[in-house]
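The structure presented is a predicted model; accordingly, all values stated were derived computationally and were not measured.
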Amino acid sequence: KKRKMEEIWGAEIFDNLGSTECSYFAYECKLHNGLHVAEPRVLFSTVDKHKENLEENEEGLDLITNLYEEGEKPGIFLINYSHGDTTKILDENPCECGRVFLKIDYPIRNDEIINIGGVKFYARSIENIKHIKDYVCILRSDDIGGKSELEIRIVPEGEYIPSENEIIMTLL
């Protein structure tokens, strides 16, 4: 959707990462291949489910600690706070843009992950498929049997011509 908005507006769009608790703390450079963490303001790391630190390029939960300057009126103190996002620290330091701040991959919101029959589906991953004009995800749950079904309805760009090689998938 970001690239579609760029086309409509005729302007380049950059992502920022932040929250109410810690304001903006990471931003995208002109290369659009990750987010630079504002290290003078935030300590950032990734951890596994046991809260053990991960190395570069290992995917895990975000962990944030706010940093304040002496004499500054602080907002909320966050020490080892997690938004519950999944990301990884990238090893591109310095970045080709010249920045030397820590660089992270675009976070995935864990509340956007649907687990159906042991298959994890990232609700926004469909946005990366080319030639899709719009889509809607329909999740049906059977309260009695405990089964779930995910249906994705897609509106393609241009004319839709079904083929015998078409893949139709339903996650049960």
Checklist entry - If you look only at pairs with a residue in residues 55-71, which of them pass as a salt bridge (Lys or Arg N to Asp or Glu O under 4.0 Å), with sequence neighbours excluded? => result none
Would you give the length of the straight line joining atom [atom1] of [X] to atom [atom2] of [Y], rounded to the nearest 0.5 angstrom?
{"X": "K88", "Y": "N57", "atom1": "NZ", "atom2": "CG", "result": "5.5 Å"}
{"X": "I79", "Y": "I64", "atom1": "CD1", "atom2": "CD1", "result": "13.0 Å"}
{"X": "E28", "Y": "H36", "atom1": "CD", "atom2": "NE2", "result": "9.0 Å"}
{"X": "I76", "Y": "T20", "atom1": "CD1", "atom2": "OG1", "result": "8.0 Å"}
{"X": "D85", "Y": "D105", "atom1": "CG", "atom2": "CG", "result": "11.5 Å"}

Non-hydrogen side-chain atoms of [X] and [Y] separated by less than 4.5 Å:
{"X": "V37", "Y": "F44", "result": "yes"}
{"X": "F25", "Y": "L17", "result": "yes"}
{"X": "I104", "Y": "L90", "result": "no"}
{"X": "Y24", "Y": "S19", "result": "no"}
{"X": "R41", "Y": "S23", "result": "no"}
{"X": "P94", "Y": "R99", "result": "no"}
{"X": "L67", "Y": "L43", "result": "yes"}
{"X": "D15", "Y": "L35", "result": "yes"}

Item to check | Where S82 and L63 come nearest, the two heavy atoms and their spacing | outcome: CB-CD1, 4.3 Å
Next on the checklist: Can a side-chain donor-acceptor contact be found between H32 and E12 if the only test is distance below 3.5 angstrom?
Outcome noted: yes
Next on the checklist: Assess, by modelled atom type and distance only, whether the side chains of N33 and K103 contain a donor and an acceptor separated by less than 3.5 Å.
Outcome noted: yes
Next on the checklist: Test your reading of the model: is there a side-chain donor-acceptor pair from T65 to the backbone of N80, 3.5 Å cut-off?
Outcome noted: yes
